[in-house]
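The chain is numbered in sequence order, starting from 1. In this text, all values refer to a predicted model and were calculated from it rather than measured experimentally.
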Amino acid sequence: MFGGEEKTIKLLNQTIAEKSVKCPESVLLIALNSDVVSKRSVAWTVNLSDYALLARSRVTEEGVKELLYPLKSTSVDFEPKVYSLEVRKGEERIHLEKLSTPPELRPPAEEQR
């Protein structure tokens, strides 16, 4: 995070508090790459948010593959599920599929090195 994690979180807290008073009907969207920020930053963001979606991305020879994990929603009927999203080379379509067996959140062993 620019300027250090502690300073960034403090600034965001102040900004969000001010904006929530001035614009109570607004929606706040914070995009974080969980591979480059601490777990504390991710937890702070999820706790603050009404909606949270975790995405794990990989670029393969076939194209971009993502696993989407909706973590939090204001919907009464919300039930966490896992989705696979693919953008295949040479195609203009996005393929989205609900997975019946959720894969693990951590990256495959070859990516952990």
Side-chain angles (χ1 to χ4, degrees):
M1 295 183 147
F2 181 75
E5 181 178 68
E6 290 295 325
K7 289 181 182 179
T8 301
I9 288 176
K10 187 175 181 178
L11 266 172
L12 280 171
N13 273 329
Q14 292 171 346
T15 304
I16 292 165
E18 181 182 313
K19 297 291 182 188
S20 66
V21 171
K22 289 183 179 179
C23 309
E25 299 299 317
S26 66
V27 174
L28 172 68
L29 176 63
I30 300 174
L32 290 179
N33 181 335
S34 62
D35 294 328
V36 295
V37 297
S38 72
K39 289 180 182 178
R40 180 177 181 262
S41 293
V42 172
W44 174 82
T45 305
V46 169
N47 186 48
L48 178 77
S49 303
D50 291 326
Y51 301 92
L53 176 71
L54 175 69
R56 300 287 297 176
S57 304
R58 289 190 306 147
V59 178
T60 66
E61 291 181 9
E62 295 85 34
V64 177
K65 292 186 177 187
E66 297 208 29
L67 292 176
L68 304 174
Y69 299 86
L71 301 175
K72 187 176 179 184
S73 171
T74 59
S75 172
V76 177
D77 299 336
F78 175 72
E79 191 176 316
K81 301 207 182 336
V82 180
Y83 297 87
S84 170
L85 182 134
E86 292 184 53
V87 180
R88 299 177 185 154
K89 282 187 179 178
E91 293 186 32
E92 294 182 13
R93 291 182 42 199
I94 294 174
H95 303 271
L96 183 66
E97 172 187 356
K98 182 168 52 171
L99 301 179
S100 56
T101 329
E104 292 186 36
L105 280 173
R106 59 190 157 138
E110 66 270 9
E111 290 181 20
Q112 290 182 1
R113 291 183 226 152

Sequence neighbours excluded, the answer for side chain to side chain donor-acceptor pair (under 3.5 Å) partners of K10 is none

With T60, which residues qualify under side chain to side chain donor-acceptor pair (under 3.5 Å), at least two apart? E62

List the residues meeting salt bridge (charged side-chain N to carboxylate O under 4.0 Å, His left out) with E86, not counting sequence neighbours, and say none if there are none. R88

Salt bridge (Lys or Arg N to Asp or Glu O under 4.0 Å) pairs, two or more places apart, involving residues 17-32: E18-K22

Can you list everything that forms a salt bridge (charged side-chain N to carboxylate O under 4.0 Å, His left out) with E61? Sequence neighbours excluded, please. none

Working to the nearest 0.5 Å, report the span between CG of L53 and NZ of K72. 13.5 Å

For the CD atom of E79 and the CG atom of D77, what is their distance to the nearest 0.5 Å? 9.5 Å

V82 with L85, same ILVMFWY side-chain cluster at under 4.5 Å: no

With Y83, which residues qualify under side-chain contact (heavy atoms from CB on, under 4.5 Å), at least two apart? L68, P70, K81, L96, K98

Please round to the nearest 0.5 Å and tell me the distance separating atom CG of N13 and atom OG1 of T8. 11.0 Å

Residues at least two apart in sequence or cross-chain that pass side chain to side chain donor-acceptor pair (under 3.5 Å) with S38, listed by chain then number, are E5, S41

Nearest atoms (heavy-atom pairs only) where R40 meets I9: NH1-CD1, 3.4 Å

Nearest heavy-atom neighbours spanning Y51 and S49: O-CB, 3.2 Å

Could you check whether any side-chain heavy atom of H95 comes within less than 4.5 Å of a side-chain heavy atom of K65, counting everything from C-beta outward? no

To the nearest 0.5 Å, what is the distance between CG on L67 and CG on L99? 6.5 Å

Could you tell me which residues satisfy side chain to side chain donor-acceptor pair (under 3.5 Å) with S75, sequence neighbours excluded, listed by chain and number? none

